[in-house]
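Worksheet: the structure to be examined is printed underneath.
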Protein chains: 2
Amino acid sequence: MKMTVPETTGTRMRADERRALVLEAATQVFGERGYHGATTDAVARAAGVSQPYVVRMFGSKEALFIAVLDRALDRLMDTFAAAVEQTDAAVAAGDTETVTHCIAQNYVGLLGDRGLLLSLMQAFMLGADPVIGPAARAGMRRVYEFLRANAGMGPGEAHEFLAMGMMLNTLVGLRMADDYEREPAVRELLDEALPTKLDFLLSLRDAES
Amino acid sequence: MKMTVPETTGTRMRADERRALVLEAATQVFGERGYHGATTDAVARAAGVSQPYVVRMFGSKEALFIAVLDRALDRLMDTFAAAVEQTDAAVAAGDTETVTHCIAQNYVGLLGDRGLLLSLMQAFMLGADPVIGPAARAGMRRVYEFLRANAGMGPGEAHEFLAMGMMLNTLVGLRMADDYEREPAVRELLDEALPTKLDFLLSLRDAES
DNA sequence: GGTTGTGGTAATCGGATGATAACTAGCGGT
DNA sequence: ACCGCTAGTTATCATCCGATTACCACAACC
């Protein structure tokens, strides 16, 4: 009974590691093409495994998407929670930073993981689906209730914050930054939507393969 | 050369009428299930024609979606333009109504045609698509430029207005109203998002088949 | 050094789906 | 009456995709 943790030294990987890899790949693919547009084969190739393995690991494509949704929400809430702590510390140090501002900063950071926010949005557009719909609604509730209960926002603040978030997600989904140089109106809109972090967003766009 | 307009009295319909019917049906179906999730067969059944006819009428599913997108944008701009005129008339009469408020009112009215706004949102999530992406970006630009040039909004106003619109679209896509009675948080959020027209939205939900 | 369990893959199937081809029928003009 | 054009259909194809089955291989443990 040594109970050693397998080190993944050889050609094979531990199942939970591989699972995390597949979830990451699936997040990207689902974010890019949406639930119906994504194929389990594309996820498998992105993760470097075979297509049947992806399906068997999660039971079905639908279950995989739910897992992606849950993971995305977990990460989102972690980011928010960290932002709240960060704000508390700043306030304790005499700073006058608002929670909303601080969370917003960290939210923009999440745009770096394009798949995460887009997978969420894709789920939000599938409210009519009998399985995904309820899960997506529960996800939105979870976010809203966090903002109200843990971030100390009022109903109006929370709603406004979510509206900004949906706008940013939409602009990312549209790949609006692709037209930043070419279209003056796009430049103006993005300058307004991302007052501080715009160079960050553009660098992400250019870093794409 | 009588040049009479065929009256569609018999079993057959004029092509442009049928085309409008199919476009309306496609708007609903694409809005519900997204571009990839929608099938040309579902569109055909909703329009009461055969599946091959739908495909041949537009050339491809992709072209049909682009047509749906264009029609949705046309209707959206018409609604906005009417709201601007309405505001001008109110201001001339001594009223102090803001354009933003008036457009927002009319926008909420568009929620009645659920497919219209949802088809737009579905397009906005497909920015990575080589054909749909550019069309969707052009659509968003068209809306923004109207708000800036014709509705007299500044960059900040236009951005804020769009953010509220994206939030409302998302809530509709989520079918969030389904949880209005059951979940207090949802009730609070919807009360905040739709201060005046909430009963209208709920009546729409209940009117569904 | 076999044996057992875990981490995979190759082969394949069946249903769904977009598209095409070939054909049919209503309607107006002469 | 028949002729040509427009509005439609039925039948069918080729492809894609999620899922299943059966099999393979590495590694730990006795």
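Quick note on labels: first sequence line is chain A, next is B, and so on, each numbered from 1.
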remark   = Between A:Ala193 and A:Leu168 the two heavy atoms that sit nearest each other are O-CD2, 3.9 Å

Which pairs with one or both residues in [range] pass ring pair (Phe, Tyr, Trp, His ring centres under 6.0 Å), sequence neighbours excluded?
range                       : answer
residues 123-157 of chain B : none
residues 163-190 of chain A : none
residues 39-81 of chain B   : B:Phe30-B:Phe65, B:Tyr35-B:Phe65, B:Phe80-B:Phe161

Close N/O contacts between protein and nucleotides 1-4 of chain D (under 3.5 Å):
none

In whole Å, I'd like the distance from the [atom1] atom of [X] to the [atom2] atom of [N].
X       : N      : atom1 : atom2 : value
A:His36 : D:dC16 : NE2   : C1'   : 16 Å
A:Arg45 : C:dT9  : CZ    : C1'   : 16 Å
A:Leu64 : D:dG18 : CG    : P     : 10 Å
A:Asp41 : D:dC17 : CG    : P     : 8 Å

request  = Check whether any side-chain nitrogen or oxygen of A:Thr40 sits under 4.0 Å from OP1 or OP2 of D:dG18, and answer yes or no.
outcome  = yes

task = Using only side-chain N and O atoms of A:Arg14, determine if any of them is under 4.0 Å from OP1 or OP2 of C:dT6.
result = no

query = Where along residues 19-31 of chain A does a heavy atom fall under 4.0 Å from DNA chain C?
reply = none

message = side-chain contact (heavy atoms from CB on, under 4.5 Å), that's the test. Do B:Asp113 and B:Arg75 meet it? Break it down for me.
response = CA-CA 11 Å; B:Asp113 187 352; B:Arg75 294 216 172 168; 4.1 Å; yes

Short side-chain donor-acceptor distance under 3.5 Å, B:Glu145 and B:Asn150 = no

ask   = Between B:Gln28 and B:Glu32, is any side-chain donor less than 3.5 angstrom from a side-chain acceptor?
value = no

task = Taking the side chain as every heavy atom from C-beta outward, state whether B:Arg71 and B:Ile66 have any pair of such atoms under 4.5 Å apart.
result = no

Pairing residues for [X] by the salt bridge (Lys or Arg N to Asp or Glu O under 4.0 Å) criterion, not counting sequence neighbours:
X        : value
A:Glu183 : B:Arg141
A:Arg19  : none
B:Asp41  : B:Arg45

task = Output the single nucleotide from D:dG8, D:dC17, C:dG18 whose closest atom is nearest the side chain of B:Arg12.
result = D:dG8

note = By nearest-nucleotide position on DNA chain D, the 5'-leaning member of B:Arg18 and A:Gly37 is B:Arg18

inquiry  = Over all strands shown, is B:Ala38 touching base, sugar-phosphate only, or nothing at heavy-atom distances under 4.0 angstrom?
reply    = sugar-phosphate

remark   = So, with a heavy-atom separation below 4.0 Å from DNA chain D, the residues of residues 46-61 of chain B are B:Val49, B:Ser50, B:Pro52, B:Tyr53, B:Arg56

query = Taking only residues two or more places apart in sequence, or in another chain, which ones meet B:Arg148 in a side-chain hydrogen bond (donor to acceptor under 3.5 Å, both in side chains)?
reply = A:Glu188

ask   = Under a 3.5 Å cut-off on both pairing distances, which runs of 3 or more consecutive Watson-Crick or G-U pairs involve DNA chain C?
value = C:1-30 with D:1-30

key: Trace of the salt bridge (charged side-chain N to carboxylate O under 4.0 Å, His left out) decision for B:Asp70 with B:Arg142   = CA-CA 11 Å; B:Asp70 286 345; B:Arg142 193 175 156 195; 5.6 Å; no

query = Is there any side-chain hydrogen bond (donor to acceptor under 3.5 Å, both in side chains) pair reaching into residues 57-66 of chain A, and which pairs are they, with sequence neighbours excluded?
reply = none

